[in-house]
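Read through the structure below, which is laid out as structure tokens, and then see the notes.
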Amino acid sequence: YWHVIVEKDPDSDTLGSLSCYSFPVFGPASVRHDYWWQEGRYHDLEVSTPDSAGIVRYYFLNWSDGELTPAHTSYGPVHAEDSLVAIYSQEFLCRVEKDPLQDHGRIFVEGVWFEDVAAVDFWALLDDDVEIGVSLHDTVGDYDSVYTFLNWETADVETMIVWTITGPDTMTAFYNAVEIYLELALGQYDVYPNDSVVWRVAGGDSVLYTEVHTMFEGDSIKVYNLSTIMIDLGLNVVTIYDTTDAWIEDPFWSPHFWEDEDRFVIMGQFTDISEPPIIWERSNDYIDYSVTWAKNDPDRIFGPGGEFIEALGGANTEMLWMQFVAPTHSTNPEHTRCIVIRLTAKPSLE
């Protein structure tokens, strides 16, 4: 008889079984078992996979003699003392979570962003370097409050870090929760606040096809940030009304990048000065149905202002200027139109 030792690696895997001829052993005996086998005999061995206990799991990789399946049939012939090892990978259940727990932002784990989650669970190998991250700002509802990232429990202050896995663990990202209040007020013609802000293009008179009209100083709109936080501003066209008889939505007119039949161009710029801009660029100033946010970097949109407008008590005002380019032709050209444009604010979170 020859002494043959059958083992599992790592030896912490006491969660499964080891079988010889379908007779299993469990627990510590499955990690190392001693057999005495006759000269020249063959034996059928098998190990379990995966071996799991909630926060740790082991997956079979291969036997030490090169066999790649958990069922090692016809091991032998036995002619000497020997040892055979079932080699496993070891994985741990890990978690990235936010404190306080809130599901209004994102969490990043190994190349994937998970949206609107407070925590993400994942499996990782021992000694793996796992890239994780969280969103810098998480907003609640229509910006009723905002959570701002402070640091990880490791004291790292970058939102993206590399986490070396040493066992089942939780990595916590700490946030500061702040309730915010957003309010805008508008002024025009030196009247503040102004309940109705209207730009009467050409003073309310008719305009020619393709004619360009820019706000004068008296037309410009002054935006007041009465919020408790610094804000960015956005613009979009809401609808177009035909106001000739009754106010009805106009089925013909629409905003476009270039003027055309029934297509007008409306542009906007935010500045800190009380004179209209001289240079207008459609690629940067064009207002469409979708909300576009003012910015200066890397490209200027509705600028040079419109972002990082200080809260009440600071430099909290901005001038809004507009330019209108009439269509090349128009259905019902004698009708009057009203173009409704929405001014939207959001916290300056970057």
For this session: Verify whether one side chain among His72 and Glu46 offers a donor that lies under 3.5 Å from an acceptor in the other.
Result: no
For this session: Could you tell me how the ring of Tyr175 sits relative to the ring of Tyr147: parallel (under 30°), tilted (30 to 60°) or perpendicular (over 60°)?
Result: perpendicular
Exercise. Roughly how far, to the nearest 0.5 Å, is the CD atom of Glu318 from the CG atom of Leu320?
Worked result: 9.0 Å
Problem set entry | Spacing of Trp258 atom CH2 and Thr328 atom OG1 [to the nearest 0.5 Å] | 13.0 Å
Problem set entry | Qualifying residue, where the test is ring-ring contact (aromatic ring centres under 6.0 Å, His included) with Trp37 and the options are His79, His43, His3 | His43
For this session: Give a yes or no on whether a salt bridge exists between Asp297 and Lys295, defined as a side-chain N under 4.0 angstrom from a carboxylate O.
Result: no
Exercise. Any luck finding a side-chain donor-acceptor pair between Ser290 and Asp288 under 3.5 Å?
Worked result: no
Exercise. So, the side chain of Ser227 versus the backbone of Glu183: is there a donor-acceptor pair under 3.5 Å, distance only?
Worked result: yes
Problem set entry | Asp219/Arg200 ion pair, N-O < 4.0 Å | no
Exercise. Are His256 and Ser254 linked by a side-chain donor-acceptor pair shorter than 3.5 Å?
Worked result: yes
For this session: Evaluate the criterion side chain to side chain donor-acceptor pair (under 3.5 Å) for residue pair Thr210 and Glu259; output intermediate values, then yes/no.
Result: CA-CA 7 Å; Thr210 71; Glu259 62 273 23; 5.9 Å; no
Problem set entry | Asp138 and Gln102: side chain donor to acceptor below 3.5 Å | yes
Exercise. Is the CD atom of Glu39 crowded by more than 12 outside heavy atoms at less than 6.0 Å?
Worked result: yes
For this session: Please determine, by modelled atom types, if Thr214 and Gln323 share a side-chain donor-acceptor pair under 3.5 angstrom.
Result: yes
For this session: Using the side-chain contact (heavy atoms from CB on, under 4.5 Å) rule, take Arg337 and Ser330 through it: C-alpha gap first, then chi angles, then the decisive distance, then the call.
Result: CA-CA 11 Å; Arg337 268 85 173 186; Ser330 176; 3.7 Å; yes
Problem set entry | Hydrophobic cluster partners of Leu208 (side-chain heavy atoms under 4.5 Å) | none
Problem set entry | Ser348 versus Asp232, side-chain donor and acceptor atoms under 3.5 Å | yes
